[in-house]
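Just so you know, ligand 1 is whichever comes first in the structure, and atom 1 is the first atom listed for that ligand.
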Amino acid sequence: MNETLAVAPAPDPAVVAEILAGLGGAQKTLPAKLFYDAEGCELFNRITRLPEYYVTRAEMALLDRHAAAIAATAPAGAALVEYGAADESKALRLIDAAPGRFGAYVPVDIAPGALLAIGERMRQSHPALPVQAVEADFLQPLALPAVAAGRPAFGFFPGSTIGNFRPDTVLRFLSQARDTLSSGEGGPACFVIGTDLRKSPDRLLPAYDDAAGVTAAFNLNILRHVNRLADGTLDPEGFAHRAVWNSHEGRMEMHLVSRAAQEARVAGTLVRFRAGESIHTEDSYKHTREGFVALAARAGWRPAGFWTDEDELFGMHLLLG
Ligand code: AVI
């Protein structure tokens, strides 16, 4: 029987403090997790179908090729713990590739609406598989829910969302995930993580600045979300979307560039922008295979498998800890 558990979300004052800290720095920033209100999730879904945005298609092609091999590395009866589960489509590739191997499914995400929808759909499509969703910011320490008790835990973090974290955050996340996943029964912790691979800026830049302007709309939407969360007056019309390849850091960056000198109020605080000044809204690291393995090793994980799509655009690592 399926069951959905809602754990309390992070308190609003903490989010407001994070927003103000970001807008108060010399390089203004906003937390990328704030892209994903209902409108942002919809826009991101559209991004995944854009001709320029190869990331999702490459990962799906990888799963078409290798889902059975990846699922075969899971211990029998394991709870499949999916971090950042916006929908269940990728987890289902593993579940359906190895019928009976997974004993439970635990989608973890910050968006309650997405989790409820997953629970509903899974009840229809896989009624015999216990599902327990956890609404949480997975960058915070996470406890496995009751449905995972007595089972090995098999972590799954697809989508290259890990690329949206800076290396210090990746290290903290991977150590916490090791604690979480090794609290399951039996064997070492297992974690399968999808990462977009390093490639030419000629391929990367259009993927983050598409001709139809969907990524621009996604970037600008963060301002509306911040306005709602923190009683703000940021004007989306006053900013332009910019995507940049930072070769030194090995990452794509998204910025919102102020079209003119302007002011806004956010949670009662006056924020001033110079003409041309940017708010840095997102990093999307493009890890090489070796670079990611080295990072994971610093968090106590050892590499045990690696798969790519035919065009070698996207990689999936199996880590044991
Ligand atoms: C969710 N994440 C992996 C996407 C990425 O490619 O970094 C978010 C995104 N930003 C712009 N386009 C897509």
Side-chain angles (χ1 to χ4, degrees), residues 29-63 82-91 107-111 114 137-139 156-167 169-170 173 192-225 236 239-246 249-257 278-288 291-292 309 313-317:
T29 61
L30 282 172
K33 66 183 176 193
L34 299 185
F35 282 127
Y36 300 97
D37 64 351
E39 177 69 14
C41 290
E42 179 51 39
L43 285 164
F44 180 64
N45 278 337
R46 286 178 59 196
I47 288 174
T48 63
R49 297 191 295 268
L50 290 170
E52 297 94 330
Y53 193 76
Y54 60 86
V55 181
T56 311
R57 270 188 303 280
E59 184 175 38
M60 284 305 193
L62 185 159
L63 287 170
E82 182 177 6
Y83 290 81
D87 68 54
E88 71 283 19
S89 57
K90 292 168 192 168
V108 180
D109 200 76
I110 201 169
D137 176 353
F138 52 71
L139 290 180
F156 183 44
F157 193 19
S160 197
T161 306
I162 201 157
N164 296 130
F165 306 152
R166 293 185 175 210
T169 306
V170 173
F173 167 73
V192 168
I193 303 182
T195 64
D196 190 20
L197 293 169
R198 189 80 56 92
K199 56 185 63 67
S200 161
D202 295 343
R203 188 84 194 242
L204 289 167
L205 285 164
Y208 289 81
D209 194 6
D210 58 285
V214 182
T215 309
F218 173 73
N219 197 7
L220 288 160
N221 180 63
I222 199 171
L223 299 178
R224 286 188 201 93
H225 193 200
F239 291 84
H241 166 68
R242 183 187 290 160
V244 179
W245 168 244
N246 182 331
E249 300 291 345
R251 68 190 188 204
M252 284 299 301
E253 295 178 0
M254 293 207 309
H255 293 257
L256 289 169
V257 181
S278 85
I279 311 174
H280 184 169
T281 50
E282 185 185 67
D283 292 319
S284 195
Y285 284 83
K286 306 302 172 187
H287 295 288
T288 61
F292 189 76
D309 57 297
L313 296 172
F314 198 91
M316 217 164 253
H317 293 264

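- Numbered from 1 in the order shown, with element, the atoms of ligand 1 that lie under 4.0 Å from a heavy atom of F44 read 1 (C), 4 (C), 8 (C), 13 (C).
- From the protein, the heavy atom lying nearest to atom 8 (C) of ligand 1 is E282 OE2, 3.3 Å.
- Under the 3.5 Å distance criterion, with hydrogens and angles disregarded, no donor-acceptor pair is assigned to the side chains of N221 and E39.
- Each of the atoms 1 (C), 8 (C) of ligand 1 lies under 4.0 Å from some heavy atom of Y36.
- For ligand 1, the polar-atom distance check against Y208 finds a nitrogen or oxygen pair separated by under 3.5 Å.
- Applying side chain to side chain contact (heavy atoms under 4.5 Å, CB included) to T169 and the options N164, L139, D283 leaves one that passes, L139.
- For atom 3 (C) of ligand 1, the nearest non-hydrogen atom of the protein is G159 O, 3.2 Å.
- Using a 30° and 60° split on the angle between ring planes, Y53 and Y208 fall in the perpendicular class, above 60°.
- Atoms of ligand 1 found under 4.0 Å from any heavy atom of S284 (numbered from 1 in listed order, with element): 5 (C), 6 (O), 7 (O).
- Near F218, with a cut-off below 4.0 Å to any heavy atom, the atoms of ligand 1 are 10 (N).
- Any N or O atom pair closer than 3.5 Å counts here, and Y53 shares at least one such pair with ligand 1.
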**Prompt:** When you look at M316 and E59, which way does the side-chain contact (heavy atoms from CB on, under 4.5 Å) test go after all the steps?
**Reply:** CA-CA 8 Å; M316 217 164 253; E59 184 175 38; 3.2 Å; yes
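- Annotation: R242, atom CZ; neighbour count of heavy atoms from other residues, nucleotides and ligands within 6.0 Å does not exceed 12.
- Ring orientation note: the planes of F44 and Y36 are nearly perpendicular, at an angle over 60° on the 30°/60° scale.
- Under a 4.0 Å criterion applied to the non-hydrogen atoms of S160, ligand 1 contributes the atoms 3 (C).
- The OG1 atom of T215 sits 4.0 Å away from atom CD1 of I47, with the distance rounded to the nearest 0.5 Å.
- Here Y285 has no heavy atoms under 4.0 Å from ligand 1, in either its backbone or its side chain.
- Distances shorter than 4.0 angstrom do not occur between any heavy atom of M252 and any atom of ligand 1.
- The M254 neighbourhood of ligand 1 comprises atoms 11 (C), with distances under 4.0 Å to a heavy atom of that residue.
- Within 6.0 Å of the CZ atom in R198, the count of heavy atoms belonging to other residues, nucleotides or ligands exceeds 12.
- By the 30° and 60° cut-offs, the orientation of the rings of F157 relative to F173 is tilted.
- Considering only non-hydrogen protein atoms, atom 2 (N) of ligand 1 sits nearest to N164 OD1, 2.9 Å.
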